[in-house]
Amino acid sequence: MPKIVVSNTTPLITLMGLNRLDLLQKLYQTIIVPNAVFEELEQGKHKPYYQNLKAIDWVRIKPVKNLAALQYLLSDLDKGEAATIILAKEQQADLVIIDEKLGRSYANLHGL
């Protein structure tokens with residue numbers, strides 16, 4: 001089982017919409033979410049399926065430290081995807097959860 005897991009926004013939204021966010025805990029125990037992903041989720045807090053990640057004890061919200069690398073990826077990726085990849089590298093993640101093909105390609109290029 002992967003020990004360090006970092007997730008992008010859309011997989012979280014999808015699981016929230018299905019009321020199955022708990023699957024991540026069952027599969028991985030703890031997940032890490034970049035601040036940028038948390039901020040994207042907060043934009044939808046008026047949605048009926050919204051869940052506050054800060055209130056979930058098995059979710060860790062962390063900032064990206066390498067802002068230069070983040071800026072570089074922003075030329076092709078959205079902020080959540082770029083932050084997910086950079087934070088996964090910084091945390092030496094075992095698994096990255098990204099739904100979009102381009103984001104997965106960049107994750108693979110970065111050894112994730």
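Being a predicted model, the structure only gives us computed values, none of them experimental. Residue numbers run from 1 in the order of the sequence given.
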**Report entry** Leu109: hydrophobic cluster co-members (side-chain, 4.5 Å)
**Finding:** none
Verify same cluster id: [X], [Y] (apolar side-chain graph, 4.5 Å):
{"X": "Leu87", "Y": "Leu95", "answer": "no"}
{"X": "Val6", "Y": "Val59", "answer": "no"}
{"X": "Leu112", "Y": "Tyr106", "answer": "yes"}
{"X": "Val37", "Y": "Ile31", "answer": "yes"}
{"X": "Val5", "Y": "Ile85", "answer": "no"}

How long is the straight-line distance from [atom2] of [Y] back to [atom1] of [X], given to the nearest 0.5 Å?
{"X": "Arg60", "Y": "Ile4", "atom1": "CZ", "atom2": "CD1", "value": "12.0 Å"}
{"X": "Asp99", "Y": "Glu81", "atom1": "CG", "atom2": "CD", "value": "7.0 Å"}
{"X": "Leu18", "Y": "Ile13", "atom1": "CG", "atom2": "CD1", "value": "12.0 Å"}
{"X": "Ile56", "Y": "Thr30", "atom1": "CD1", "atom2": "OG1", "value": "12.0 Å"}
{"X": "Leu53", "Y": "Gln51", "atom1": "CG", "atom2": "CD", "value": "8.0 Å"}
{"X": "Asn19", "Y": "Tyr49", "atom1": "CG", "atom2": "OH", "value": "12.5 Å"}

Query raised in the report: Asn52 and Phe38: side chain to side chain contact (heavy atoms under 4.5 Å, CB included), yes or no, with the steps?
Result: CA-CA 9 Å; Asn52 181 357; Phe38 173 74; 4.0 Å; yes
Report task. Please check if the side chain of Lys65 supplies one atom and the backbone of Glu90 the other of a donor-acceptor pair under 3.5 Å. Result -> no
Report task. Without swapping roles, check the side chain of Asp78 against the backbone of Gly80 for a donor-acceptor pair under 3.5 Å. Result -> yes
Query raised in the report: Above 12 or not: heavy atoms from other molecules or residues under 6.0 Å from CD of Gln71?
Result: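 Counting neighbours around CD of Gln71, 12 or fewer heavy atoms of other residues, nucleotides or ligands fall under 6.0 Å, so no.
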Query raised in the report: In terms of heavy-atom contacts, does CD of Gln29 have more than 12 from other residues, nucleotides or ligands at under 6.0 Å?
Result: no
Considering all heavy atoms, the nearest [X]-[Y] contact:
{"X": "Ala82", "Y": "Leu74", "result": "CB-CD2, 3.9 Å"}
{"X": "Trp58", "Y": "Leu21", "result": "CH2-O, 3.3 Å"}
{"X": "Ser7", "Y": "Thr84", "result": "O-OG1, 3.6 Å"}

Requested in this report: Could you list the residues that satisfy side-chain hydrogen bond (donor to acceptor under 3.5 Å, both in side chains) with Asp94, not counting sequence neighbours?
Outcome: none
Query - With Ile97, the side chain to side chain contact (heavy atoms under 4.5 Å, CB included) member among Leu24, Leu27, Val33 - result: Leu24
Query - Any pair counted as salt bridge (Lys or Arg N to Asp or Glu O under 4.0 Å), so long as it reaches residues 46-56, sequence neighbours left out - result: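 Output for this query is empty, none listed.
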Report task. Take Val96 and His110 through the side chain to side chain contact (heavy atoms under 4.5 Å, CB included) test and state the conclusion after the steps. Result -> CA-CA 11 Å; Val96 178; His110 284 83; over 6 Å; no
**Report entry** Any Asn35 side-chain heavy atom under 4.5 Å of Val64 side chain
**Finding:** no
